[in-house]
Protein chains: 2
Amino acid sequence: MATINDIAKHAGVSAATVSRVINDSGYVSTETRKIVEKAIADLNYVPNRHAQNLRRGATRNFGILTSSLEEPVLARIEPFMQFANEANYTTTLFNTYNDPQREINALDRLKSKELDGIFLIYRTNEWSAIEPYTKFGPIVTLHNIERVDLNIKSVFIDHYEGYKLILEDLWQNGARSFINILGRSTGVNTKRRIKAYFDFCEEHKIKPHDIHPFLDITSRKGTLKAIELLDEMPTKPDAIITHSDQVASFIVSHFRKHDIEMPEEVAVVGFDNLIISDLMDFTSMDYSIKEQGRNACRLLLNELGAGPYELKPLQFTLSKRGTTK
Amino acid sequence: MATINDIAKHAGVSAATVSRVINDSGYVSTETRKIVEKAIADLNYVPNRHAQNLRRGATRNFGILTSSLEEPVLARIEPFMQFANEANYTTTLFNTYNDPQREINALDRLKSKELDGIFLIYRTNEWSAIEPYTKFGPIVTLHNIERVDLNIKSVFIDHYEGYKLILEDLWQNGARSFINILGRSTGVNTKRRIKAYFDFCEEHKIKPHDIHPFLDITSRKGTLKAIELLDEMPTKPDAIITHSDQVASFIVSHFRKHDIEMPEEVAVVGFDNLIISDLMDFTSMDYSIKEQGRNACRLLLNELGAGPYELKPLQFTLSKRGTTK
DNA sequence: TTGAAAGCGCTAACAG
DNA sequence: CTGTTAGCGCTTTCAA
């Protein structure tokens with residue numbers, strides 16, 4: 001492998017000059033530049049990135065941390081990556097499988113200079129364990145963080161409004177009883193959705209259902225169990241509202257296989273408006289999930305002084321399809 | 001940021017000893033080790049990876065190259081990543097968006113020592129442009145490479161057999177006319193599928209359809225255009241066989257929205273057996289796609305002398321669901 | 001406009 | 001069992 005010194009010798013200049021050509025920094029005469037460029041081409045030279053990184057103390061590499069690689073995660077990763085690439089950053093993906101130690105290992109790479117910043121999609125450690133790492137580089141998350149004292153930026157959108165919109169739309173189309181399939185009970189989004197539901201019930205003077213059995217539903221198994229509960233209920237709800245297209249897809253799939261008619265017997269609504277909701281033809285709440293991924297990257301770039309990139313506002317739009325009236 | 005020298009000073013030993021503790025190499029007395037470990041904990045030290053990488057000339061990082069980040073790609077990336085992680089490798093994702101230059105840039109990172117190996121899922125450059133990079137590290141692909149002279153390993157599975165299995169199953173269940181929706185005309189998989197179809201036609205003495213209009217169908221738009229062609233045909237086929245679950249999902253979705261009954265009016269078969277085929281309830285050909293991702297990683301690891309890891313054999317199994325008899 | 005030289009933080013002979 | 005030393009390949013003062 002050719003090194004910078006090989007190029008220097010070949011071109012009859014010093015390594016410093018070659019470096020200047022590579023990085024387009026400092027003064028180099030047009031002639032010298034040409035000679036050096038020819039040498040680089042001749043020897044097929046590519047600078048050793050580790051040496052550059054060691055010298056510079058930066059890598060132009062972002063870490064993406066997640067606990068799984070499912071569709072909703074991917075929907076953010078893709079636009080994030082694209083935006084990062086355009087700003088000349090690469091992305092290294094870390095799947096923690098919900099293992100706190102793996103997450104810490106990945107965060108350590110911020111410390112070891114291997115990562116310039118982190119896009120934390122799902123976390124498994126406590127914020128208090130994560131926050132100290134912001135000393136070594138910016139961390140951006142999707143979580144709606146409640147503690148403002150934390151030095152962690154977020155590109156969240158308050159799900160309260162979106163959830164309310166769904167409920168109101170269902171109500172206007174005749175639905176009077178609802179079941180909410182909710183995600184992680186610790187998440188702020190879940191809390192906001194619950195609040196939206198309770199507020200809605202109060203406004204319309206209806207009695208809210210016991211949300212407890214429908215909390216922490218994320219897996220397919222969990223979803224099917226929740227559906228079983230529904231079967232056991234004396235009166236079926238008019239509508240089921242979920243927290244993700246993934247969970248909605250499990251439900252819609254199950255209902256179709258069991259010839260339960262939507263929306264006649266029951267309406268089903270997803271959240272995220274991913275491709276699957278279009279393919280499976282179910283109603284879903286859109287909130288510019290791709291823009292959210294790009295915003296995460298913009299935030300990171302801004303923190304690193306590469307910006308300023310203006311964040312694009314996110315907004316809710318209900319995409320109505322075959323599972324609602 | 002604490003460096004190895006800080007630790008050395010703090011512990012009253014040399015940097016070499018600290019290095020030995022970090023890497024668990026050479027001899028270190030239990031006492032010294034303890035002192036050093038305490039110093040590391042005290043100063044919250046994490047070794048600078050660039051320095052390590054520069055020194056070692058390796059990174060324990062694999063590049064994953066793809067031209068898009070859709071479900072079938074993800075289905076391989078996920079198991080690949082997991083396997084790599086377990087072998088203590090990280091993975092950096094490169095999305096080329098079919099831009100040859102981006103692909104070359106990523107390949108250059110093999111040269112610049114930033115990547116120890118590459119999992120090339122989709123390529124955009126000619127093999128002749130890619131092959132020279134194997135000098136700098138192993139490259140593994142999913143493509144069924146025709147040129148054996150290339151130093152590129154592959155974890156392909158010959159689609160001929162799988163395709164034949166689909167056709168025979170449909171035939172046995174009464175289908176007599178078929179339409180094949182085919183992928184990239186340059187791909188070996190496509191050629192093998194066509195061969196399977198032609199052989200099948202000869203065996204059963206039926207006339208093959210003109211495959212031309214159904215070649216290079218990968219996008220949703222392209223798929224819908226292909227469906228339009230079907231509508232214009234005087235007699236409808238008994239079955240549509242696709243090259244991927246993605247394309248199949250477009251078709252199934254379209255037919256359901258237009259109340260075309262499957263399998264009564266027409267049967268539809270996918271390829272890959274991804275979750276979507278289960279959710280949307282369509283028949284699909286399984287060939288251990290996840291194992292294929294793992295095999296790719298095993299191959300890479302073997303090339304780097306980290307093995308030997310035995311490759312798991314892949315096999316075809318037709319997952320029959322609601323869109324076929 | 002160019003070159004010499006120092007050093008980023010670490011590892012691996014080698015010597016003791 | 002431990003320390004000394006050289007150097008991985010690059011960038012960046014500083015001096016010329």
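Numbers restart at 1 for each chain; the letters A, B, ... are given by sequence-line order, proteins then strands.
- One interatomic measurement links the two molecules: CD1 of B:Ile4 to C1' of C:dC8, which rounds to 13 Å at whole-angstrom precision.
- If you check residues 37-55 of chain B against DNA chain D, the residues with a heavy atom closer than 4.0 Å are B:Leu54, B:Arg55, listed by number.
- Here the side chain of A:Asn85 pairs a donor or acceptor atom with the backbone of A:Tyr89 at under 3.5 angstrom.
- Residue B:Thr3 places no side-chain N or O under 4.0 Å from the OP1 or OP2 atom of C:dG9.
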For residues 7-17 of chain A, tabulate all N or O donor-acceptor pairs below 3.5 Å that involve a side-chain atom, not counting sequence neighbours.
from    : atom 1 : to      : atom 2 : distance (Å)
A:Ser14 : OG     : A:Ala16 : N      : 3.3
A:Ser14 : OG     : A:Thr17 : N      : 3.4
A:Ser14 : OG     : A:Thr17 : OG1    : 3.3

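- Side-chain atoms of B:Asn48 come within 3.5 Å of backbone atoms of B:His50 as a donor-acceptor pair (strictly under, hydrogens ignored).
- A distance of 3.5 Å separates CG in A:Asn61 from OG1 in A:Thr90, rounded to the nearest 0.5 Å.
- Summarising the geometry, the separation between CZ on A:Arg56 and P on D:dC10 is reported as 11 Å, rounded to the nearest angstrom.
- Computed from coordinates, the B:Arg109 CZ to D:dG9 P distance equals 19 Å when rounded to whole Å.
- Distance alone, capped at 3.5 Å, is enough to place a donor-acceptor pair between the B:Arg60 side chain and the B:Ala87 backbone.
- Listed by residue number, the members of residues 17-36 of chain B with any heavy atom below 4.0 angstrom from DNA chain D are B:Thr17, B:Arg20, B:Tyr27, B:Val28, B:Ser29, B:Thr32.
- Side-chain atoms of A:Ser154 come within 3.5 Å of backbone N or O of A:His143 as a donor-acceptor pair.
- Counting only distance, with no hydrogens or angles, the side chain of A:Ser29 and the backbone of A:Thr32 share a donor-acceptor pair below 3.5 Å.
- For A:Asn5 and D:dG7, the CG to P distance is 13 Å, given to the nearest whole Å.
- Exactly one of A:Arg102, A:Arg109, A:Gln101 qualifies for a side-chain hydrogen bond (donor to acceptor under 3.5 Å, both in side chains) with A:Asn105. That residue is A:Gln101.
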